[in-house]
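Just so you know, ligand 1 is whichever comes first in the structure, and atom 1 is the first atom listed for that ligand.
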Amino acid sequence: MDRNKLTRNILIGMAAGFLLGSLIHFMTPAADGLLQVYVVDGLFEVGGKIFINSLKLLVVPLVFISLVCGASNLSDGSSMGRIGLKTILLYLLTTAVAIALALIVATAVNPGIGINLNTDAQYIAAESPSLKQVVINIFPTNPVKAMAEGNMLQVIVFALLVGVAINKCGEPGQRVRATLNDWDEVIMRLILMLMAVAPVGVFCLMVSLFANMGFSAIGDLAKYFFTVVGVLILHFFLTYGLLVRFLANLNPWIFLKNVAPVLAYAFSTSSSNATLPVTLETVEKRLGVRNEVAAFTVPLGATINMDGTAIMQGVATVFISQAYNIDISLTGYLMVILTATLASIGTAGVPGVGLITLALVLTQVGLPVEGIALIIGVDRLLDMLRTAVNVTGDASVATIVARSENKFDMDVFSQDSDAETEAVV
Ligand code: ASP
């Protein structure tokens, strides 16, 4: 199927799923009604879960094979080092900007003033590992275990090492590389096969999500909710738009248009990780980023770059401090920027983890972790939105790095817009 048609069908699937799910929600408030049990929790939930599982299925083989190919194609170690350094710096920078924006807007809007602290919801903070352990854990002891557990950073480290070794190995290395390049094609084909059924998968996910989503929870939290949404939109258009325009010297509208299909996957799965196969395919085949850069930047981003999550954490921190009437000083705010940027590295790209790492940020500035219970009611919907921002951040950094390294295909980037111009002419 033609790509634009597919994108259109995915968007139709999303909208139809949203409408049907919301309709079911208002028609059957009882969680044990027949419609709920057999249709929503049965048919649609099964369909949605199968779709997410199929996306996740491709993540580990894709990251490993694609990254080995990418690393083995880089002719020298210094360009690999440069790409790595630029990528990590840009990821840190965009996250710091995201959270600074969130703090500025939230302190102007004051979403938490006058909030009623009596809530039945409870939040028990999970134990988070120490920084030392986080660093040690990046290095795998057993590649098979890393893959089986889906530990992305460990898989990335192993794949990079194998890629470098292939590069240094002469003829045997060439043979392995040729085989892996073929495997890369096969995996990409699997992604395309899965994308062909995405409209149905996304439809099922949206129905089961919105049939269970309680909008009444927004009530008191409307100000918090819309502040997060506002900053997400601001960061999405302004920060990424300006970065793509000035650091990559590309038209931001074409960039956003090309990246749009990925947003539908991120929104309906709430997981940067599950979206990864589609992000990588899109970054290479629609944005024009060459495999050498995309294969490293995108999986790393899905694991450590969470701008949308950092935005939620910034607004939530201000909200909780105001709700509890606890002042955070200027140094406190700087601390929030620092810890939320680091916390975003430790946030795995799966649904809802942003709330867990929020505990880390709150503790750091002396705010009560139980405050998370106040915002939990609206987090599901925010998770969907912030995941879409998270993956857009990965795609924009990949594009900027590829442009600066001359590993970018302008023809691919502008293919659809050329076609459109021709069609108009
Ligand atoms: N769901 C987000 C993601 O996968 C992480 C989070 O904010 O909870 O990108």
> Show which atoms of ligand 1 fall inside a sub-4.0 Å distance from at least one heavy-atom site of Thr309.
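With Thr309 as reference, the close atoms of ligand 1 come out as 5 (C), 6 (C), 7 (O).
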> Using the side chain to side chain contact (heavy atoms under 4.5 Å, CB included) definition, which of the options Leu221, Thr227, Val109 pairs with Phe319?
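So, applying the side chain to side chain contact (heavy atoms under 4.5 Å, CB included) to Phe319 and each of Leu221, Thr227, Val109, only Leu221 qualifies.
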> Distance under 4.0 Å to a non-hydrogen atom of Pro351: what atoms of ligand 1 satisfy this?
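The list of qualifying atoms is 1 (N).
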> Taking the inter-plane angle between the rings of Phe203 and Phe44 on a 0 to 90° scale, is it parallel (under 30°), tilted (30 to 60°) or perpendicular (over 60°)?
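Because their plane-to-plane angle is over 60°, the rings of Phe203 and Phe44 count as perpendicular.
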> Could you tell me whether Met306 approaches ligand 1 through its side chain, its backbone, both or neither, with non-hydrogen atoms closer than 4.0 Å?
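For Met306, only side-chain atoms sit under 4.0 Å from ligand 1.
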> Run the numbers for me: atoms of ligand 1, each under 4.0 Å from some heavy atom of Asp383, listed by number.
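Selected atoms, number and element: 1 (N), 2 (C), 6 (C), 7 (O), 8 (O).
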> Tell me whether Leu355 has any N or O atom under 3.5 angstrom from an N or O of ligand 1.
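No.
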> Which atoms of ligand 1 have any heavy atom of Val353 under 4.0 Å away?
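So the atoms of ligand 1 that pass are 8 (O).
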> With a cut-off of 6.0 Å (strictly less than), are more than 12 heavy atoms of other residues, nucleotides or ligands near CG of Asp327?
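No, not enclosed.
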> Pull out every atom of ligand 1 sitting under 4.0 Å from any heavy atom of Gly354, numbered as shown with elements.
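Checking each atom against Gly354, I get 6 (C), 7 (O), 8 (O).
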> Provide the number and element of each atom of ligand 1 under 4.0 Å from a heavy atom of Thr387.
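Near Thr387, the atoms of ligand 1 are 1 (N), 2 (C), 3 (C), 4 (O), 9 (O).
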> Check the side chains of Thr269 and Ser271 for a donor-acceptor pair under 3.5 angstrom, ignoring hydrogens and angles.
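Their side chains do not contain a donor-acceptor pair, so the 3.5 Å distance test is not met.
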> Suppose I only count heavy atoms of Ser271 and a 4.0 Å limit; which atoms of ligand 1 are within that range?
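Going through ligand 1 atom by atom, the ones under 4.0 Å from Ser271 are 4 (O).
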> Counting from 1, what ligand 1 atoms have a heavy atom of Ser270 closer than 4.0 Å?
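So the answer, numbered in order with elements, is 1 (N), 4 (O).
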> Could you go through the salt bridge (Lys or Arg N to Asp or Glu O under 4.0 Å) check for Glu405 and Arg290 one step at a time?
CA-CA 10 Å; Glu405 288 290 318; Arg290 297 232 177 102; over 6 Å; no
> Answer yes or no: is there a donor N or O on one side and an acceptor on the other, between the side chain of Asp307 and the main chain of Ala98, under 3.5 Å?
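Such a contact is absent between Asp307 side chain and Ala98 backbone.
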> Please work out, at 4.0 Å between heavy atoms, whether the side chain, the backbone, both, or neither of Ser272 comes within that distance of ligand 1.
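Under 4.0 Å from ligand 1, Ser272 contributes backbone and side-chain atoms.
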> Salt bridge or not for Asp379 and Arg386, using N-O below 4.0 Å?
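Yes, charged N to carboxylate O under 4.0 Å.
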> Assess the side chains of Asn137 and Gln154: does a donor N or O sit below 3.5 Å from an acceptor N or O?
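No, no side-chain donor-acceptor contact under 3.5 Å.
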> Using distance alone, decide if ligand 1 has a nitrogen or oxygen within less than 3.5 Å of any nitrogen or oxygen in Asn273.
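No, since none of the N or O atoms of Asn273 sits under 3.5 Å from an N or O of ligand 1.
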